[in-house]
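Everything below concerns the one structure shown next.
All ligand and atom numbering here is 1-based and tracks the order in the structure. Quick caveat, the model's predicted, so the values are computed rather than measured.
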Amino acid sequence: MIIECKSIAKEIRERAKEEAGGKKLWLHNIVVGNDDASLVYARSNLKLLRKLGFDGKIHHLQDASERDVLSLIEDLNGERDVHGIMVNFPLPKEISEMNVRSAISPVKDVDGISPVNYGKLLLGEEVLVPNTPRAVIRILEKITELRGKDVLIINRTPVVGKPLALMLLNRDATPTIAHSKTKNLKEKARNADIVVVAVGRPGFLKEDMVKEDAIVIDVGINVVNGKIVGDADFDALKDKAHITPVPGGVGTVTNACLVENLVKAAKLQGAI
Ligand code: NAP
């Protein structure tokens with residue numbers, strides 16, 4: 001059974017547009033160095049924003065020092081017409097990720113990566129939270145009751161697994177986080193009501209790792225022979241479980257959640 005995600009994304013985008021009340025909001029995206037995937041992602045976000053009547057700017061800094069990045073963030077923090085700031089990771093290794101995260105004004109932090117917004121999430125308050133785990137929650141809330149559910153998350157990164165576990169706890173689910181050193185992964189996955197996989201390996205989650213009628217949320221994005229695929233063996237799992245497709249699944253909802261966060265940020269700034 002395929003979980004239809006495009007309509008969930010559409011609903012989030014349309015509500016966000018409505019809440020902006022016609023105000024043109026601006027997202028500023030910082031790409032440092034020459035990571036092609038970051039540039040592609042930034043351009044696709046810009047396209048989506050323009051379609052919805054918002055706008056944005058990509059700051060592509062090549063050969064930038066940490067000081068350059070921090071001073072650009074400081075300038076953007078101070079500008080009234082900048083409603084959201086996003087920094088694409090990975091950063092070149094001479095630039096401290098922590099310093100960059102800390103520099104972003106928490107009310108403009110549309111990717112939910114600043115220590116302040118992470119800290120609030122840890123304390124149970126979801127203000128601006130990372131978009132991918134937020135998208136997973138939006139999909140799950142649409143199709144199931146989370147209270148009391150056993151959820152296995154195969155990923156422990158700050159982008160997906162850790163914030164997702166906190167959001168699930170906020171909703172009375174019981175999350176377990178697995179990673180590359182986890183023992184008996186198959187058994188853990190087979191016992192879960194919901195499996196969220198974000199490993200970055202095509203075909204990682206196999207049919208025999210999931211119980212009948214479980215929910216599988218596939219966060220993975222991999223390119224195989226020029227085609228985008230997830231981390232789950234989709235063809236085998238779609239008859240046994242409820243599963244999100246790739247593409248047209250979590251990624252689509254994640255993009256919509258970014259727009260939602262831009263509107264939330266603008267509200268926090270008193271801009272709308
Ligand atoms: P990452 O930093 O490489 O993390 C991968 C995670 O998977 C790590 O926690 C790793 O464990 C774990 N892992 C690796 N091999 C494993 C194994 N054999 N058994 C169990 N766990 C294992 O990747 P990421 O940035 O979090 O992204 C993961 C995937 O999600 C990628 O395909 C990425 O493209 C995709 N993604 C999608 C979206 C979206 O919006 N759809 C957003 C972000 C990422 P360790 O911590 O022990 O290394």
> Are S102 and N99 linked by a side-chain donor-acceptor pair shorter than 3.5 Å?
Replying inline: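 Short answer, no.
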>> Checking side-chain polar atoms at under 3.5 Å, does D111 have a donor or acceptor matched by the opposite partner on N261?
In response: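 Looking only at side-chain atoms, N261 and D111 do not form any donor-acceptor pair under 3.5 Å.
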> Measuring from the heavy atoms of T182, does anything fall under 4.0 Å of ligand 1?
Replying inline: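 No, T182 has no heavy atoms under 4.0 Å from ligand 1.
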> Under 4.0 angstrom from atom 19 (N) of ligand 1, is there any protein heavy atom?
Replying inline: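 There is a protein heavy atom less than 4.0 Å from atom 19 (N) of ligand 1.
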Under 4.0 Å from any heavy atom of [X], which atoms of ligand 1 are there?
| X | answer |
| --- | --- |
| T254 | 40 (O) |
| I154 | 20 (C), 21 (N) |
| R201 | 15 (N), 18 (N) |

Check this for me, if you would: do [X] and [Y] make a salt bridge, where the nitrogen-to-carboxylate-oxygen distance has to be below 4.0 angstrom?
| X | Y | result |
| --- | --- | --- |
| R15 | E19 | no |
| R101 | E97 | yes |
| D193 | K211 | yes |
| E4 | K10 | no |

> Heavy atom under 4.0 Å from ligand 1: found in T132's side chain, backbone, both, or neither?
Replying inline: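 It is the side chain that touches ligand 1; the backbone stays farther off.
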> Of all the non-hydrogen atoms in the protein, which one sits nearest to atom 14 (C) of ligand 1, and at what distance?
Replying inline: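 Going by distance alone, atom 14 (C) of ligand 1 is nearest to V199 CG1, 3.7 Å.
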> In the protein, which heavy atom is nearest to atom 32 (O) of ligand 1, and how far is it?
Replying inline: I221 N, 3.0 Å
>> Quick check: do L128 and P106 have side-chain heavy atoms less than 4.5 Å from each other?
In response: no
>> For a 4.5 angstrom cut-off between non-hydrogen side-chain atoms, does T252 reach C5?
In response: no
Identity of the nearest option to [atom], non-hydrogen atoms only, from [options]:
| atom | options | answer |
| --- | --- | --- |
| atom 9 (O) of ligand 1 | K162, R156, R134, H179 | R156 |
| atom 24 (P) of ligand 1 | V159, N155, V223 | N155 |
| atom 37 (C) of ligand 1 | V197, V219, L205 | V219 |

>> Would S180 count as a polar contact of ligand 1, with the cut-off being nitrogen or oxygen pairs under 3.5 Å?
In response: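 Yes: some nitrogen or oxygen of S180 is under 3.5 Å from one in ligand 1.
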